[in-house]
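In what follows, a structure is listed as structure tokens, so that the remarks can point back to it.
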2 protein chains.
Amino acid sequence: MKLPVSTEWLLHCAASLAQLEAGATASAAQLAQYFDLPAAYLAKQLQALVKAGALAATTGPRGGFRLARPASEITLLQIVEAVDGTSSPYECREIRQQGRGALSAEECQNPCILAEKMAEAHEAWRNSLAATSLAEIIAALPPSAPPRTRLRLTGTS
Amino acid sequence: MKLPVSTEWLLHCAASLAQLEAGATASAAQLAQYFDLPAAYLAKQLQALVKAGALAATTGPRGGFRLARPASEITLLQIVEAVDGTSSPYECREIRQQGRGALSAEECQNPCILAEKMAEAHEAWRNSLAATSLAEIIAALPPSAPPRTRLRLTGTS
DNA sequence: GCAGACATACTCGGATAGAGTGTGTCCGAGTGGGCTTGG
DNA sequence: CCAAGCCCACTCGGACACACTCTATCCGAGTATGTCTGC
């Protein structure tokens with residue numbers, strides 16, 4: 001079970017975008033320079049966040065990415081699931097219905113207990129991530145961070 | 001983020017072994033037939049559970065696998081981590097220290113908030129899985145299940 | 001001085017190659033049981 | 001009839017190919033800007 005490396009990239013990118021002034025944008029190239037990441041691949045992953053509705057992209061000069069919604073309404077879960085998908089890491093393939101010990105269809109009307117327990121664990125993980133928004137992440141940073149980020153990321157204080 | 005397919009296999013195998021009488025064993029070939037799985041690969045994965053201390057293996061005729069400890073002391077977490085490893089799915093590579101926006105070493109003495117939040121979510125997942133033991137899984141099955149499993153798995157009622 | 005049209009440079013978006021991990025398979029070492037044989 | 005020794009079949013354990021996803025890269029379509037020209 002392993003999350004893509006780009007998960008960390010996008011979490012940090014989203015947190016940085018949340019520190020910009022309302023309406024301001026940062027391009028994929030700027031974000032890549034800010035974290036020393038491969039620009040082309042980062043741009044591809046940022047598209048995933050756009051499709052998920054977390055970011056908005058504008059093309060053309062002075063364009064780039066910005067948050068599509070207030071930072072308080074974007075949770076860590078939305079970002080993570082935009083990158084990695086929403087499917088559960090445990091996929092029940094109903095092996096209890098196969099082989100010599102196969103159970104009849106009647107006995108399988110109630111779902112497999114093991115699958116239920118794994119789903120519960122996944123829900124606990126999701127709830128934990130959904131409990132934190134980008135706004136809370138920003139609030140935990142020192143007050144000097146946002147101006148510094150704006151300066152080094154976009155060049156405008 | 002995806003768990004190996006063998007995770008489901010080993011959860012069901014462990015649950016089946018827990019239904020055997022104390023001291024009884026089932027071979028990898030029997031378990032593979034019982035669930036219609038590739039025997040060789042299943043055997044390889046069962047070794048992981050032996051190394052993790054969840055199962056015990058005996059060689060030679062009439063040998064096979066059995067639980068290494070009482071079913072009440074084997075949690076789902078131990079099985080899952082034996083297959084997939086204990087490392088967190090989110091690996092913080094400290095990109096905040098790289099690139100144009102690199103923070104100084106002093107500012108990074110306290111760990112990255114994003115990494116902390118991701119670690120919290122992973123702990124929530126682990127706690128959820130650690131809360132359920134194999135004994136509780138067996139207890140949730142209908143009373144007719146254990147004899148049936150013993151019969152179809154090992155041939156002995 | 002002003003408005004409109006144009007060329008431009010910058011942006012995102014999708015389609016295309018390469019590496020690492022999980023998946024599947026095979027064969028060899030070790031061991032307990034069952035048979036044979038001798039007493 | 002009993003016991004000891006031997007052979008064997010069955011078990012696990014580790015070493016070897018294949019496939020799929022993540023990683024990385026490139027080039028093309030589209031657009032807001034800035035400039036130039038004509039009125």
Side-chain angles (χ1 to χ4, degrees), chain A residues 1-10 13 17 23-33 35-66 68 80 82-85 87 89-91 93 95 153-155, chain B residues 1-10 13 17 23-33 35-52 54-66 68 80-85 87 89-91 93 95 153-155:
Chain A
M1 191 172 55
K2 197 181 59 170
L3 282 169
V5 178
S6 49
T7 307
E8 183 185 4
W9 305 357
L10 293 182
C13 285
L17 290 175
T25 62
S27 69
Q30 285 173 328
L31 288 166
Q33 269 199 347
F35 291 116
D36 189 23
L37 301 175
Y41 186 40
L42 177 62
K44 178 176 174 53
Q45 303 294 3
L46 285 168
Q47 293 174 26
L49 286 193
V50 174
K51 285 188 180 174
L55 297 187
T58 54
T59 63
R62 307 255 312 170
F65 296 92
R66 60 179 168 78
V80 171
V83 181
D84 192 55
S87 61
Y90 180 84
E91 187 183 354
R93 303 196 179 182
I95 65 171
L153 179 55
T154 65
Chain B
M1 191 171 56
K2 197 181 58 169
L3 280 169
V5 179
S6 48
T7 306
E8 182 184 5
W9 305 358
L10 293 182
C13 284
L17 290 175
T25 63
S27 69
Q30 285 173 326
L31 287 166
Q33 270 200 344
F35 291 114
D36 189 23
L37 301 175
Y41 187 40
L42 176 63
K44 176 175 176 56
Q45 303 293 6
L46 286 167
Q47 293 173 28
L49 285 192
V50 174
K51 284 187 181 176
L55 297 187
T58 53
T59 62
R62 306 256 313 167
F65 295 91
R66 59 179 168 78
V80 171
E81 290 198 331
V83 181
D84 191 56
S87 60
Y90 180 83
E91 186 182 354
R93 300 195 182 181
I95 66 172
L153 179 55
T154 66

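Convention: sequence-line order gives letters A, B, ...; per-chain numbering from 1. The structure displayed is predicted, hence computed values, not measured ones. Below, all heavy atoms of this structure are taken into account, side chains as well, without hydrogens, waters or symmetry copies.
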task = Compare the minimum distances between each of C/dG14, D/dG14, D/dC22 and the side chain of A/Asp84, then state the nucleotide with the smallest one.
result =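 Looking only at side-chain atoms, A/Asp84 lies closest to D/dC22.
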
Side-chain atoms of B/Lys51 come closest, of C/dT11, C/dG13, D/dG14, to D/dG14

Less than 3.5 Å apart, which donor and acceptor atoms pair up between the side chains of residues 55-66 of chain A and the rest of the protein, not counting sequence neighbours?
| residue | atom | partner | partner atom | Å |
| --- | --- | --- | --- | --- |
| A/Thr58 | OG1 | A/Gly64 | N | 3.3 |
| A/Thr58 | OG1 | A/Gly64 | O | 3.4 |

* For B/Ser27, what residues pass the side chain to side chain contact (heavy atoms under 4.5 Å, CB included) criterion, not counting sequence neighbours? ->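 Side chain to side chain contact (heavy atoms under 4.5 Å, CB included) list for B/Ser27, sorted by chain: B/Ala29, B/Gln30.
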
To the nearest Å, how far apart are [X] [atom1] and [N] [atom2]?
{"X": "A/Leu46", "N": "C/dG14", "atom1": "CG", "atom2": "P", "result": "13 Å"}
{"X": "B/Gln33", "N": "D/dC10", "atom1": "CD", "atom2": "P", "result": "13 Å"}
{"X": "A/Tyr90", "N": "C/dG22", "atom1": "OH", "atom2": "P", "result": "18 Å"}
{"X": "B/Leu55", "N": "D/dT11", "atom1": "CG", "atom2": "P", "result": "17 Å"}

Contacts of B/Glu81 meeting side chain to side chain donor-acceptor pair (under 3.5 Å) (sequence neighbours excluded), chain-then-number -> B/Arg126

Note: for B/Lys2 and B/Ala43 on DNA chain D, the residue whose nearest nucleotide lies more 5' is B/Ala43

_Side-chain donor or acceptor of B/Asp84 paired with backbone N/O of A/Met1 under 3.5 Å_ =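 Flag set: sc B/Asp84 to bb A/Met1 pair under 3.5 Å.
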
Letter by letter from the 5' end, nucleotides 23-34 of chain D scores (B base, S sugar-phosphate only, - none; protein heavy atoms under 4.0 Å) BBBB---BBB--

Show the atom names and distances, to 0.1 Å, of all donor-acceptor pairs under 3.5 Å that link a side chain in residues 35-44 of chain A to residues at least two apart or in another chain.
| residue | atom | partner | partner atom | Å |
| --- | --- | --- | --- | --- |
| A/Tyr41 | OH | A/Gln45 | NE2 | 2.7 |

Rounding to 0.5 Å, atoms CG (A/Leu49) and CG (A/Leu17) come to a distance of 9.0 Å

* To do: Would you tell me if any nitrogen or oxygen in the side chain of B/Gln47 comes within less than 4.0 Å of OP1 or OP2 on D/dC12?
  =>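 No, no such contact exists.
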
Would you mind telling me which residue lines up with the more 5' stretch of DNA chain C, A/Ala29 or A/Met1, judged by nearest nucleotide?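 Whichever sits nearer the 5' end wins; that is A/Ala29.
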
